[in-house]
Amino acid sequence: MSIISMSNLYKTYNTGKVKVEALKSIDIEIEQNQFVAIVGPSGSGKSTLMNIIGCLDTPTSGNYLLDGEKVGRFKPNRLAEIRNWKIGFVFQNFNLLPYATAYENIELPMIFNGLSYKKRKKRVMELLERVGLADRAAHKPTELSGGEMQRIAIARALANNPSILLADEPTGNLDSVAGGSIIEIFRELHRDGATIVIITHDRAIADNVPSTIKLKDGVIVDSLN
Amino acid sequence: MKFFLFLKQFYRDLSSQKLRTALTTFGIIWGTASIILLLAFTTGLKKDQKRRQHGMGEAIIILWSGRTGMPYEGMPKGRRIRFVEEDPEYLKMMIPEIAMASPEYTNWSSTIKYRDKIYINQVTAGNAEFGEMRNLIPKPGGRYINPNDIANKKRVAFIGYEAKKELFGDEDPIGKIITIDFVPFTVVGEMIEKDQNSSYSGSDRRKTFIPYTTFTSMYNRSYLNNMVVKPHESRQSDYVKRRINEVMARKYRFDPKDEEAIWEWDTTRGDQFFDNFIFGMNIFLGMVGFFTLMVGGIGVSNIMNAVVEERTKEIGIKMALGAKASFILWQLVSETLLMTFIGGVIGLILSGVIIRGYNMLNIEEMGSPVISPEIAILASILLGIIGFLSGYFPARRAAKLNPVEALRL
Ligand SMILES: Nc1ncnc2c1ncn2[C@@H]1O[C@H](COP(=O)(O)OP(=O)(O)O)[C@@H](O)[C@H]1O
Ligand SMILES: [Mg+2]
């Protein structure tokens with residue numbers, strides 16, 4: 001069974017007079033342990049698609065099944081739970097809480113999940129280890145490099161063992177060395193069984209990812225498995 | 001760690017709004033302190049005032065006879081009405097709402113002697129109920145005049161504490177023989193000290209009280225100076241006064257509508273007036289404090305609005321990580337509650353310090369203010385409501401943010 005299954009999905013933004021059809025007639029199947037790259041020019045609807053996959057946003061019409069659950073019409077609270085349990089987000093601009101330490105940032109999804117302090121601590125340490133930043137637990141984002149911040153963000157995304165990891169241009173704000181090491185982490189996670197969807201502009205990255213979905217003007221123009 | 005994180009966010013949210021936080025906290029402190037102080041002062045004042053006012057007696061009616069103000073049954077107006085000794089009993093019999101009644105005789109200038117000490121002052125006479133109505137309480141070891149004294153025209157005296165001091169100094173007066181206008185009396189009781197801020201015939205502390213039966217055997221009097229009556233319930237006083245007028249009008253044959261034949265002083269009136277006065281003052285000052293708190297609350301609300309504005313992105317991040325709307329809501333509400341709580345506690349401590357300092361000054365006229373549990377509870381409830389409301393609306397706005405739009409910032 002697919003982790004993600006979308007059929008005939010539309011997303012229309014209604015900004016006053018103008019209607020923007022950001023996604024049109026989208027059909028997608030993503031399997032367990034697939035590594036998918038979403039590519040396409042700016043404004044083609046990549047982020048919109050990603051937000052819908054991540055249950056941050058809901059489609060205007062069409063079907064979306066996540067882990068077999070029809071999430072398209074869920075209430076905000078249920079969507080929050082889904083995001084917390086099943087989705088791990090990584091953003092281009094890291095989106096770490098600036099006043100909180102690396103440790104506290106990673107801990108956050110587990111707080112929302114109601115985990116005990118002991119369990120949280122164990123998991124945070126594991127994750128810090130995993131992204132190679134065990135010695136940075138007490139550092140604030142401003143005391144970390146871009147690459148380090150993104151690694152903390154990845155650790156945070158993994159906190160509740162999500163079904164799927166979503167990354168919206170995770171290397172967009174990084175130099176090529178740091179970007180490379182981030183991609184390397186994704187590859188390792190994929191090897192260990194993770195399902196990953198990544199948006200990228202970087203041809204070099206996209207070419208090395210097994211499957212790609214190419215968007216243009218809100219339509220899938222090419223799908224490569 | 002979770003709580004620590006909360007405090008960290010709280011601190012961060014407030015320090016990003018330093019001036020606003022300072023002003024608002026000041027508003028909450030000021031509002032709390034003014035509400036607590038005014039309630040404490042008015043309660044103190046009220047207690048004190050009640051105590052003094054009741055020095056003369058609580059909820060009693062004093063009755064004097066006057067002259068008729070209307071012609072009646074062929075008799076001209078201006079006819080003198082005079083109460084006699086039987087009248088108090090008669091009123092009690094006719095009006096069941098009266099609990100106690102006493103005649104009162106006064107001799108304005110009697111010579112009272114103990115050994116070589118001479119004290120010239122008033123002698124007042126009533127029955128056994130007079131003492132209770134007029135709040136003449138004996139010191140331990142002594143007693144007031146009793147029904148037996150009345151029935152047997154006993155020569156016993158109950159003395160005010162100032163009269164006692166003049167005659168006896170520090171000596172125990174109980175059982176000692178004094179003379180009143182050369183008639184020997186045994187002192188059976190000395191009045192405890194009391195504050196009395198109203199009177200109709202001078203201060204009780206300077207008087208000597210004797211049975212009215214003994215009084216009439218010494219002085220040639222056919223008429224009372226006045227009567228004192230007390231209804232069972234103070235709220236019956238208007239009815240009782242009306243009935244007294246009716247009963248006396250029939251007995252002395254004057255028009256029941258005649259308002260000059262009998263004069264009365266209803267002390268429940270004073271209580272009512274003072275109660276109303278305090279009540280009005282409480283309302284007024286309460287409003288002042290309440291509005292100050294409101295302004296503080298609006299300040300808190302403003303801070304939270306600004307916090308939401310500034311933290312929109314962060315709220316978006318939390319939502320993306322799976323925070324429910326209720327989490328966002330309660331975090332912000334808790335922050336405002338904590339802010340009002342801190343302001344409230346400081347306000348409470350401040351009022352405590354002010355009240356303590358004030359009480360040390362010993363300004364008797366204002367009574368002694370106290371922070372009663374009721375006042376503290378009232379202030380807390382008020383603060384809680386204000387804190388909650390001022391936090392709730394900005395927080396709800398935050399909780400309703402669209403996560404995608406919040407993140408885009
Ligand atoms: N909230 C919104 N309101 C209106 N239009 C939007 C909104 N979000 C995205 N769009 C429009 O939808 C289209 C797709 O946007 P997006 O998914 O962000 O593209 P990409 O991530 O591929 O650059 C764009 O034309 C964009 O202007
Ligand atoms: Mg985008």
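On a predicted model such as this, the values are computed, not experimentally measured, just so you know. Protein chains get the first letters and strands the later ones, always in sequence-line order, with residue 1 at the start of each.
In this structure, chain B has heavy atoms under 4.5 Å from both the backbone and the side chain of Y99(A). For R78(A), no part lies near chain B; criterion is any non-hydrogen pair under 4.5 Å. With a threshold of 4.5 angstrom between heavy atoms, P76(A) does not approach chain B through any atom at all. With a 4.5 angstrom heavy-atom cutoff, L108(A) touches chain B only via side-chain atoms. Neither the backbone nor the side chain of S47(A) comes within contact range of chain B; no heavy atom of the residue lies under 4.5 Å from a heavy atom of that chain. Neither the backbone nor the side chain of I87(A) has a heavy atom closer than 4.5 Å to any heavy atom of chain B.
The stretch residues 313-324 of chain B places K313(B), E314(B), I317(B), K318(B), M319(B), A320(B), L321(B), G322(B), A323(B), K324(B) near chain A, each with some heavy atom under 4.5 Å from a heavy atom of that chain. Near-neighbour residues of residues 397-407 of chain B relative to chain A, defined by a heavy atom under 4.5 Å from a heavy atom of that chain, comprise P403(B), V404(B), L407(B).
Per-residue counts of heavy-atom pairs under 4.5 Å with chain B were compared for N113(A), N51(A), L79(A), N160(A); the largest is that of N51(A).
Checked against salt bridge (Lys or Arg N to Asp or Glu O under 4.0 Å), D217(A) has no partners two or more places apart in sequence or in another chain. In this view, D202(A) satisfies the salt bridge (Lys or Arg N to Asp or Glu O under 4.0 Å) rule with no residue, not counting sequence neighbours.
Surrounding NZ of K24(A) are more than 12 heavy atoms belonging to other residues, nucleotides or ligands, all under 6.0 Å away.
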